[in-house]
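Presented below is the structure to which this report refers.
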Amino acid sequence: MTTWEPVIGLEVHAELATRTKLFCACPTEFGAEPNTLVCPRCLGMPGTLPVLNKQALEFAIRAGLAFDCQIAEHIVFERKNYFYPDLSKGYQISQLSQAVATGGQVNIVTDDGNEKQIHITQIQLEEEAGKSIHGGATIREATFTLEDFNRCGIPLIEIISEPEMHSVEEAKAYLEKLKTVLLYIGVSDCKMEEGSLRCDVNISLREAGSDRLGRRAEIKNLNSFRAVVNVLEYEIQRQTELLNSGGTVARETRTWDEGRGESFSMRSKEEAHDYRFFPEPDLAPVEPGQAWIAEIKATLPELPDIKRRRYVEEYGLPLYDAELISGNREMADFFDKTLQYYKDPKAISNWLMGEVSRLNNQAETGFDKLRFSPQQLGELLAMIDNGQISTKIAKTVLEEMFASGTAPASIVEARGLMQISDQGALETMINSLVDANPGPAEDYRNGRDKALGFFVGQIMKETKGRANPVLVTDLLKEAILGKK
Ligand SMILES: [Zn+2]
């Protein structure tokens, strides 16, 4: 039996976070009453002329630079002509031959822990079409369709990858990394549930080891990572069965029915020439100029790949920690700032990935909304190192910091949580405990180490967890073995 290898390419559409649309001054906000955020220009009324939104072009260039692309010196907009009810203009202003950015790559970490580059074909700037609202559970079952043109003309970038992904996991890692970088550079809010990040999938199979590409199917408009994963798994199976039974894969566009977990043929695949692309006559080509590009480049933040490498090389963090923290800009910011007040990177990483993330998840909030400051987290960790509180008590203190934003020292003071390291006081307590429990003491002397845990537990209970555990253990051993 032939072994088939998937060949996957992704086209990601990311709406840009500009305040106004790409060619007019209508607002881009989400969720307004249908057909209230429109004007003659974005509806494509005869006689209106588009004016390019400079912020949108800047965001597209910014994305190109973040993915290491070449920025075009001469940017041309083109008309993509097609008829569809959600496109009142009858054409979309897009880009084909001279897009904003070409080349570049997305770096992913594969399951075996290696880095892999997925190359980008191009990043093009274009306008959204409107939104069709189908009166039915699915587009195939709809009995009527309503049109909302509010989305017409919202700027988006389409990021087209080379077909270089060969597993569902690689495709997922690519999407996650792409989203992380777009969020880092602030060009899109990437809210998949609001449709500001959507994905078209191209997938074909070929004989493992072959260089020849098989015929591919394209599945459009997926709006969750889960849908992308489901589609890929489904298509790999569908195409494998087709090819194994001697059939061929049709070159076509398919639609995904998430409810049924199946893809359906929509139409045979259209080619670029079907759209009669031609240069947009109402927009002059744009030459951004090296100076402006350099200016945009200078405002890029430290990107996740560079951050991850820095965390490993400079701070000695394990790759797992570095990948996880650098993958979330707010978490990475908090980590970087805490390091200004407390010098143990691994301890900070443990607390952020552990307790703080747990509290965030419970409260369904994020690192950018924490009530306590990086400095306060640093103070808390220093109190553990200084023996003022135990790790266990620190977790209790953190919970209160999380809820109220109160400084750790004030919480410890107000609630009397200071660790007991007073040897005399502990010795008195320990001696009477050992006297009262000769049995377990005898067990310990006979080599049953677990018996010591009983005594430690009792002292912790009596001091409400405030006794210094290291000191308690030492004193207990002394007390029990000394009474032999
Ligand atoms: Zn408008």
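One-based numbering, in listed order, for ligands and for the atoms of each. Below, all heavy atoms of this structure are taken into account, side chains as well, without hydrogens, waters or symmetry copies.
Aromatic ring centres of Y311 and F335: separated by under 6.0 Å. Between Y234 and W256, the distance from one ring center to the other falls under 6.0 angstrom.
Distances shorter than 2.8 Å separate the Zn ion (ligand 1) from the protein N/O/S atoms C24 SG, C26 SG, C39 SG, C42 SG.
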Please tabulate, one pair per line, all N/O donor-acceptor pairs under 3.5 Å involving side-chain atoms of residues 8-16, not counting sequence neighbours.
unit_1 : atom_1 : unit_2 : atom_2 : d
E11    : OE2    : N202   : ND2    : 3.4
H13    : NE2    : E158   : OE1    : 3.3

task = Check the pair E78, S94 against side chain to side chain donor-acceptor pair (under 3.5 Å), reporting the backbone distance first and the verdict last.
result = CA-CA 5 Å; E78 278 162 282; S94 177; over 6 Å; no
task = Show the numbers, then the answer: is there a side chain to side chain donor-acceptor pair (under 3.5 Å) between N360 and T365?
result = CA-CA 5 Å; N360 271 343; T365 178; 4.7 Å; no
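Residue Y91 holds its OH atom at 15.0 Å from NZ of K80, rounded to the nearest 0.5 Å.
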